[in-house]
Amino acid sequence: MEHKITWDCHMHSSFSADSSTPMEDMIQRAIQLELGGICFTEHLDPDYPPTPENLEFSLNIPAYKKALSKLKDKYQDRLELRFGIEIGLQPHLEQFFRNLLESVSFDFVIGSSHIVHGFDPYYPEFFQGRREWECYMEYFESILENLSCFSEMDVYGHIDYVVRYGPNKNRKYSYGRYQDILDEILRALISRNVGIELNTGGFHYGLGEPNPCCAIIRRYRELGGELITVGADAHAPDKIAYSFDKAADILRESGFQYYTIFKNRKPEFLPL
């Protein structure tokens, strides 16, 4: 029997600043798709720079936990729900996140780079007046800076997130072009027992690849990486489990026989 990916472990609801979707709508869509389980990973990006839309990436964790707990009870016979978070890493937030993870019992923690030295590459200002490759390199360097300070997450999110928003997206981007620094990142993650995710958001951003790209996923496996979660980065129901058929093929072609989900911060391995 052929297995497929039945868990989406990266999604957002109205508890995240950049989504207006009620949590229950996400759950009902996951049930329609006959998923086995989902993990909400609401955004928390302290010290996020001001945005044109006045977004503030704070998170009311007690309210989020309470709402999810109620829905867990309501849907317990139809879908397994887990309590995750996506934290926006910056070196100076090291102690803040340590304290957070000591005080709140999440199932799963994604650490992501959204802010690079005060700028989010989501906004064009990050790229203004600079060469695209320099911006990409600065982004990758910032991942190493974050890892040198903090590595208490379970996986590092969408390692080449910056490519979604570059002026040329991934037309001039490849693993090979940034191989040295990407290998350094992957080795640092593996040595700290931090996994990566296959984020299918790259497909719905029109890259034709996940984030990170297939070559990085393959290289992670070659270097001995074993922890890999799968998530669509959905902020609305129509993106849940997006391109998961492709994700399963990519993982198998990269040498994985399993993908990973987390419960109480412990990895569980599900066959592909």
Side-chain angles (χ1 to χ4, degrees), residues 10 45 49 86-94 97 109-203 205 207-229 231 233 250-251 253-256:
H10 188 151
D45 276 71
E86 182 179 11
I87 56 176
L89 301 173
Q90 297 185 66
H92 67 283
L93 298 174
E94 166 199 3
F97 286 134
V109 179
I110 301 174
S112 293
S113 291
H114 297 128
I115 304 302
V116 184
H117 307 135
F119 291 91
D120 187 338
Y122 177 83
Y123 295 100
E125 289 77 12
F126 179 71
F127 297 95
Q128 263 172 12
R130 301 198 297 155
R131 289 179 290 192
E132 189 176 59
W133 71 265
E134 288 176 327
C135 298
Y136 287 5
M137 187 61 85
E138 184 185 3
Y139 181 84
F140 295 136
E141 285 167 353
S142 80
I143 291 178
L144 287 174
E145 288 165 17
N146 286 327
L147 283 171
S148 71
C149 298
F150 182 86
S151 56
E152 290 175 26
M153 54 282 187
D154 300 311
V155 303
Y156 214 107
H158 44 52
I159 285 171
D160 54 11
Y161 163 87
V162 67
V163 175
R164 291 181 184 176
Y165 308 109
N168 295 291
K169 294 202 171 185
N170 62 347
R171 285 198 290 279
K172 299 177 182 176
Y173 162 75
S174 67
Y175 158 71
R177 187 166 186 186
Y178 301 90
Q179 179 172 353
D180 288 351
I181 193 162
L182 287 167
D183 280 3
E184 195 177 341
I185 290 167
L186 295 176
R187 288 192 173 99
L189 291 168
I190 292 164
S191 71
R192 290 163 170 78
N193 204 34
V194 178
I196 66 170
E197 66 164 354
L198 189 163
N199 184 310
T200 61
F203 289 116
Y205 278 88
L207 301 179
E209 295 244 21
N211 299 113
C213 64
C214 300
I216 293 177
I217 292 167
R218 224 172 11 251
R219 183 63 173 149
Y220 171 71
R221 186 72 199 98
E222 281 172 10
L223 291 170
E226 294 178 347
L227 299 169
I228 189 158
T229 59
D233 212 343
I250 290 164
L251 288 178
E253 287 159 11
S254 301
F256 288 94

- Item | Shortest non-hydrogen contact between Ser148 and Arg192, atoms and distance | CA-NH2, 4.2 Å
- Interatomic distance, SG@Cys149 vs CD@Gln90, rounded to 0.5 Å, equals 11.0 Å
- Message: Between Asn170 and Tyr136, do the side chains contain a donor N or O and an acceptor N or O under 3.5 Å apart?
- Response: no
- Task: Keeping the roles fixed (side chain from Glu197, backbone from Thr229), state whether a donor-acceptor pair exists under 3.5 Å.
- Result: no
- Item | Test item: Ile115 and Phe126 side chains (from C-beta on) under 4.5 Å apart, heavy atoms | no
- Are a donor atom and an acceptor atom from the side chains of Glu86 and His158 found within less than 3.5 Å of each other? yes
- So do the side chains of Asp120 and Asp45 get within less than 4.5 Å of each other, counting heavy atoms only? no
- Step-by-step salt bridge (Lys or Arg N to Asp or Glu O under 4.0 Å) determination, Glu184 to Arg187: CA-CA 5 Å; Glu184 195 177 341; Arg187 288 192 173 99; over 6 Å; no
- Task: Can you measure from CZ (Arg177) to CE (Met137) and round to the nearest 0.5 angstrom?
- Result: 8.5 Å
- Query: When rounded to the nearest 0.5 angstrom, what is the spacing between NZ in Lys172 and CH2 in Trp133?
  - Reply: 13.0 Å
- Message: Looking at every heavy atom in both Val162 and Pro121, which two are closest together, and how far apart are they?
- Response: CG2-CB, 3.8 Å
- Around atom OH of Tyr165, are there more than 12 heavy atoms of other residues, nucleotides or ligands at under 6.0 Å? yes
- Task: Taking all heavy atoms of Ser142 and all of Ser113, pick out the closest pair and write down the distance.
- Result: OG-OG, 4.3 Å
- Query: How about His10 and Asp233: does a side-chain donor come under 3.5 Å of a side-chain acceptor?
  - Reply: yes
- Query: Are the side chains of Tyr220 and Ile185 in touch, meaning some heavy atoms are under 4.5 Å apart?
  - Reply: no
- Would you mind reporting whether Leu227 and Asp154 have side-chain heavy atoms less than 4.5 Å apart? no
- Interatomic distance, CD1@Ile196 vs CZ@Arg221, rounded to 0.5 Å, equals 11.0 Å
- Is Thr200 reaching over with its side chain to a backbone N or O of Phe203, donor-acceptor style, under 3.5 angstrom? no
- Task: Please tell me if the side chains of Met153 and Leu147 come closer than 4.5 Å, counting only heavy atoms from C-beta onward.
- Result: yes
- If you draw a 6.0 Å radius around CG in Asn168, do more than 12 non-hydrogen atoms from other residues or ligands fall strictly inside? yes
- Identified side-chain contact (heavy atoms from CB on, under 4.5 Å) partner of Pro210 from the options Leu251, Ile250, Asn199: Ile250
- Query: Closest heavy-atom contact between Cys214 and Glu209?
  - Reply: N-OE1, 2.8 Å
- Sub-3.5 Å donor-acceptor pair from the side chain of Asp160 to the main-chain atoms of Cys213, do we have one? yes
- Message: Any donor-acceptor pair under 3.5 Å linking the side-chain atoms of Tyr156 with those of Asn146?
- Response: yes
- Rounding to 0.5 Å, atoms CZ (Arg164) and CG (Leu207) come to a distance of 7.5 Å
- Are any of the side-chain heavy atoms of Phe256 and Ile217 separated by less than 4.5 Å? yes
- State the OG-CD distance between Ser254 and Glu222, to the nearest 0.5 angstrom. 9.0 Å
- List the atom of Leu93, the atom of Gly88, and the distance in Å for their closest heavy-atom pair. CD1-O, 3.7 Å
- Quick one: are Tyr205 and Tyr161 in side-chain contact, heavy atoms under 4.5 Å? no
- Message: Please confirm whether the ring centroid of Tyr173 lies under 6.0 Å from the ring centroid of Tyr178.
- Response: yes
